[in-house]
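Working notes, beginning with the structure itself.
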Amino acid sequence: MLPFAIAFVVVFLGVYVFLMETVFKRAECKSSAGMAGKTVIITGGNTGIGKATATELAKRGARVILACRNKHKAEQAIADIERETGSTDVQYMHLDLASLQAVRCFAQTFLKTESRLDLLINNAGLVADGRTEDGFGIEFGVNHLGHFLLTCLLLDRLKEAPQSRVVTLTSMAHRWGKIDFDALVTNKDLGEGRYSWQFFNAYCNSKLCNSLFTHELAKRLRGTNVTCYSVHPGVVRTELSRHVSLWQMVIVVPISRLFFLDPKAGAQTTLYCALQEGIEPLSGRYFFCCAVEDVCAQAKDDAVAKKLWDISEGLCGLS
Ligand SMILES: NC(=O)c1ccc[n+]([C@@H]2O[C@H](COP(=O)([O-])OP(=O)(O)OC[C@H]3O[C@@H](n4cnc5c(N)ncnc54)[C@H](OP(=O)(O)O)[C@@H]3O)[C@@H](O)[C@H]2O)c1
Ligand SMILES: *[C@@H]1O[C@H](CO)[C@@H](O)[C@H](O)[C@H]1NC(C)=O
């Protein structure tokens with residue numbers, strides 16, 4: 001009995017240590033760069049990783065614009081952030097990424113009222129079922145297409161800043177994604193059908209778009225002073241799983257208590273890509289745990305990235 005118990009404990013600890021060193025690994029952004037005089041937009045900055053990111057950037061003196069869809073939640077977040085940091089320069093601006101019209105409206109307001117943009121953080125994201133206002137699959141529409149249009153509309157303003165960056169949240173889940181261009185044309189989504197497990201597929205597909213978008217954007221930004229990065233934040237305890245079913249919750253909640261990063265730890269790689277000096281030559285690359293990582297072939301496929309860009313332009317009415 002005893003050897004069995006010892007073996008069990010050893011295996012359990014081994015698995016725990018392995019997981020903590022891989023999937024649940026953490027790192028800290030060590031840059032001391034200040035943000036005084038700089039303006040930042042963070043989409044979905046009212047909760048989770050976005051709120052933790054906003055808090056640190058406000059602490060460093062940035063003017064922070066929370067681009068959120070819910071005014072009440074945003075105002076509460078601003079009160080929390082200002083209390084914690086002493087900043088008085090955190091603003092709400094309405095942005096619903098599930099509506100291309102609302103994205104255009106946001107950009108118009110921003111360009112009219114704000115004179116500079118140093119950092120755009122495409123952070124908002126969701127795992128859910130449904131369609132956007134324009135009829136796109138909701139994950140494709142919000143996680144990718146809304147951010148695609150937003151970035152395009154703000155690029156000229158980013159180019160005017162002395163050194164600016166676009167940081168886009170992807171996920172390690174992009175590895176399991178697929179891009180089905182035929183489905184996109186016929187079904188306004190990257191796949192067909194949507195039941196239970198399928199919205200996880202749709203999520204992975206949208207996250208692959210985030211990586212490919214960053215890959216292509218970097219090429220288009222060559223010769224400018226704008227650089228871009230994609231980020232896997234780690235596995236973080238946030239509201240991202242709010243739409244999963246009850247039985248999935250039964251599995252997710254205990255594991256999340258044991259292993260998941262808190263939002264502050266989950267914001268470190270975003271902060272690294274936003275702040276770290278000298279990473280400009282790594283524009284277009286993928287980061288995890290405050291370090292650049294290689295991605296699988298499909299996340300840096302030049303032809304697919306370009307095709308996704310061209311199709312996205314068409315879908316947004318930009319071409
Ligand atoms: N948590 C993780 O383990 C993990 C892992 C890998 C990647 N990520 C990525 O990290 C990013 C942040 O996620 P999180 O974990 O912090 O999730 P979260 O706590 O659910 O926060 C997501 C944010 O996105 C906003 N949002 C959703 N739909 C929107 C829309 N249509 N328009 C504008 N904003 C919208 C939400 O606003 P409301 O509050 O109004 O809904 C919320 O502020 C996402 O891109 C996610 O894919 C997370
Ligand atoms: C980039 O920044 C450098 C130094 O700040 C400046 O000399 C140069 O003109 C900028 N380039 C562009 C394309 O704006």
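These figures come from a predicted structure and were not determined experimentally. All heavy atoms count here, side chains included; hydrogens, waters and symmetry mates do not. Every number for a ligand or one of its atoms is a count from 1 in the order of the listing.
The atoms of ligand 1 that sit less than 4.0 Å from any heavy atom of V235 are 3 (O). Counting the atoms of ligand 1 from 1 in the order shown, those under 4.0 Å from a heavy atom of L95 are 32 (N), 33 (C).
The residue among A77, G125, A74, P233 with a heavy atom at the shortest distance from atom 22 (C) of ligand 1 is G125. Scanning S171, A124, G234 for the heavy atom closest to atom 34 (N) of ligand 1 points to A124.
Any N or O atom pair closer than 3.5 Å counts here, and L126 shares no such pair with ligand 1. Geometrically, ligand 2 and N225 share a nitrogen or oxygen pair separated by less than 3.5 Å. Taking only nitrogen or oxygen atoms, main chain and side chain alike, C68 does not reach within less than 3.5 Å of ligand 1. Residue contacts with ligand 1: L240 is placed with a nitrogen or oxygen under 3.5 Å of a nitrogen or oxygen of the ligand (distance criterion only). In terms of polar-atom proximity, D96 is counted as a contact of ligand 1, with an N or O under 3.5 Å from an N or O of the ligand.
Between Y229 and F287, the angle of the ring planes goes over 60°, which puts this pair in the perpendicular group of the 30/60° scheme.
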- Task: Run the numbers on E84 and T55 for side-chain hydrogen bond (donor to acceptor under 3.5 Å, both in side chains), then give the verdict.
- Result: CA-CA 8 Å; E84 192 179 327; T55 303; 4.9 Å; no

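Within a 4.0 Å radius of atom 5 (O) of ligand 2, the protein contributes no heavy atom.
Summary of contacts: the protein heavy atom closest to atom 1 (N) of ligand 1 is V236 O, 3.1 Å.
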